[in-house]
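Throughout, a chain's letter reflects where its sequence line sits, starting with A, and its residues are numbered from 1.
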Protein chains: 2
Amino acid sequence: MNYAEELKKYNLKVTPQRVAIVQELYLFGHLNIDQLYTKLLNQFPSISLATIYKNMNAMIERIFIQEVKIPHEKSVYELSKASHAHVVCEKCKKIEDIMISTQGVLEEVKEKSSFSITNSAMVFSGICSECSK
Amino acid sequence: MNYAEELKKYNLKVTPQRVAIVQELYLFGHLNIDQLYTKLLNQFPSISLATIYKNMNAMIERIFIQEVKIPHEKSVYELSKASHAHVVCEKCKKIEDIMISTQGVLEEVKEKSSFSITNSAMVFSGICSECSK
DNA sequence: CTGACTGCAAACGTTTTGCACGGTA
DNA sequence: TACCGTGCAAAACGTTTGCAGTCAG
């Protein structure tokens, strides 16, 4: 993944801090603000939380990254990608993406709600295989 | 619905403020903190936001009420009830409950994730029939 | 060279806490 | 009566803003 190119695609200037944010999200998949801040501090000992917030907001506005709201947890952020659901381990807090076929559910939702649906957010919680050992 | 009885079931002392909170949630289905505060101010002109937060936390702890996290919106709160999904109108912000059969989806999730799932949070966004006129 | 980005400090909005008083059981 | 809940004020927390200096294009 060429982080700089991706940033340009979204009309964002390429700065080292932004590249690092995208890189961390690419490598770790899902991070909350604190986790991101901690990781960036290694590369940029004087980086400011304000910088992170400003950049997150800029990237969210352009839908380069997205917020994932998780019951009982802090929000995490991920690079935008094809629509997918999330599973969260209630014990170790690990988050995984899963692709599920939503047609069936979406049809049912449209039938029962009379809304025309354009987006869905599905988060499933439970215990992962490691934690259930 | 007997609000006082419900509170007792959850080991919560019955106070006028708590009864009012439960009543508003029962009548309106989903409210965020500000909406709840505004409504309660009518009945209790000197009620404090601190009181509302303390009570919400107590009721959430006992799972008498639940937080619903909605993409791009403030969280709303509802009385606990049988598992269900939510649809949100992106224009008028109306929220509705819908009962959908989750078996199919849940099976797919279990297959693809190796998590044992105990909870699901599904929020579908779109435009309601009134707003699409 | 110009406008945008960074980091700092201050401001802001939301939620929590401590305390004195009052109400529930 | 003993404990818990309420309301107020202050504190804590997370996020945003303004500004001066720096950097990307």
Student: How many whole angstroms separate atom CG of B:Leu41 from atom P of D:dG7?
Tutor: 10 Å

Student: Of B:Ile21, B:Thr51, B:Leu49, which meets side-chain contact (heavy atoms from CB on, under 4.5 Å) against B:Leu40?
Tutor: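 With B:Leu40 as partner, B:Ile21, B:Thr51, B:Leu49 yield a single side-chain contact (heavy atoms from CB on, under 4.5 Å), made by B:Ile21.
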
Student: Side chain to side chain donor-acceptor pair (under 3.5 Å), that's the test. Do A:Glu96 and B:Ser113 meet it? Break it down for me.
Tutor: CA-CA 8 Å; A:Glu96 286 182 11; B:Ser113 72; 5.9 Å; no

Student: Starting from C1' on C:dC8, measure out to OH on A:Tyr37 and report it in whole angstrom.
Tutor: 11 Å

Student: State plainly whether the residues A:Lys94 and A:Glu130 are in salt-bridge range, i.e. N to O under 4.0 Å.
Tutor: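 Counted as a salt bridge, because a side-chain N and a carboxylate O are separated by less than 4.0 Å.
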
Student: With sequence neighbours left out, what residues match A:Glu73 under salt bridge (charged side-chain N to carboxylate O under 4.0 Å, His left out)?
Tutor: A:Lys93

Student: In whole Å, I'd like the distance from the CZ atom of B:Phe44 to the P atom of D:dG7.
Tutor: 8 Å

Student: Tell me: CE of A:Met56 to P of D:dG14, nearest whole Å?
Tutor: 15 Å

Student: I need the CD-P distance between B:Glu67 and C:dT14, as an integer number of Å.
Tutor: 15 Å

Student: Quick one: which protein N/O atoms are closer than 3.5 Å to N/O atoms of nucleotides 21-25 of chain C? Pair and distance per line, please.
Tutor:
{"unit_1": "C:dT24", "atom_1": "O2", "unit_2": "B:Lys13", "atom_2": "NZ", "d": "3.3"}
{"unit_1": "C:dA25", "atom_1": "OP1", "unit_2": "B:Val14", "atom_2": "N", "d": "3.2"}

Student: Should B:Glu108 and B:Lys112 count as an ion pair when the cut-off is N to O under 4.0 Å?
Tutor: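 So B:Glu108 pairs with B:Lys112 through a salt bridge.
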
Student: Could you tell me how far apart A:Ile47 (CD1) and C:dA9 (P) are, to the nearest whole angstrom?
Tutor: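 In whole Å, C:dA9 P and A:Ile47 CD1 are 16 Å from each other.
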
Student: Between B:Asn55 and D:dG5, is there a contact of a side-chain N or O with OP1 or OP2 at under 4.0 Å?
Tutor: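 The answer is no; no side-chain N or O of B:Asn55 sits under 4.0 Å from OP1 or OP2.
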
Student: Atom CG of residue position A:Leu27 - does it have more than 12 heavy atoms of other residues, nucleotides or ligands inside 6.0 Å?
Tutor: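 Yes.
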
Student: Please check this pair: side chain of B:Gln35 against backbone of B:Asn32, looking for a donor-acceptor N/O pair closer than 3.5 Å.
Tutor: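 Looks like yes, one N/O pair under 3.5 Å.
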
Student: Which residues within residues 17-31 of chain A lie with some heavy atom under 4.0 Å of an atom in DNA chain C?
Tutor: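 The stretch gives A:Gln17, A:Arg18 as the residues lying under 4.0 Å from the strand, ordered by number.
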
Student: Report each atom pair, protein N/O against N/O of nucleotides 17-20 of chain D, whose distance is under 3.5 angstrom.
Tutor:
{"unit_1": "D:dG18", "atom_1": "O6", "unit_2": "A:Lys54", "atom_2": "NZ", "d": "2.9"}

Student: For A:Asp34 and D:dC13, what is the distance between atoms CG and P respectively, to the nearest whole Å?
Tutor: 12 Å

Student: Are any of the side-chain nitrogens in A:Glu107 or A:Lys110 under 4.0 Å away from the carboxylate oxygens of its partner?
Tutor: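 Looking at A:Glu107 and A:Lys110, the cut-off is not met.
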
Student: Counting only side-chain nitrogens and oxygens, does A:Thr51 get under 4.0 Å of the OP1 or OP2 atom of C:dG7?
Tutor: yes

Student: Rounded to whole angstroms, how far apart are CD1 on A:Ile52 and C1' on D:dG14?
Tutor: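 Taking atom C1' of D:dG14 as the reference, CD1 of A:Ile52 is at 13 Å.
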
Student: Hey, what's the ring geometry for B:Tyr26 with B:Tyr3, parallel, tilted or perpendicular (30° and 60° as the breaks)?
Tutor: perpendicular

Student: List in chain and number order the residues that pass ring-ring contact (aromatic ring centres under 6.0 Å, His included) with A:Phe28, two or more places apart in sequence or in another chain; answer none if no residue qualifies.
Tutor: none

Student: Who pairs with B:Asp97 by side-chain contact (heavy atoms from CB on, under 4.5 Å), at least two apart in sequence or on another chain?
Tutor: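 With sequence neighbours excluded, B:Asp97 shows a side-chain contact (heavy atoms from CB on, under 4.5 Å) to B:His30, B:Glu78, B:Lys81, B:His84, B:His86, given in chain and number order.
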
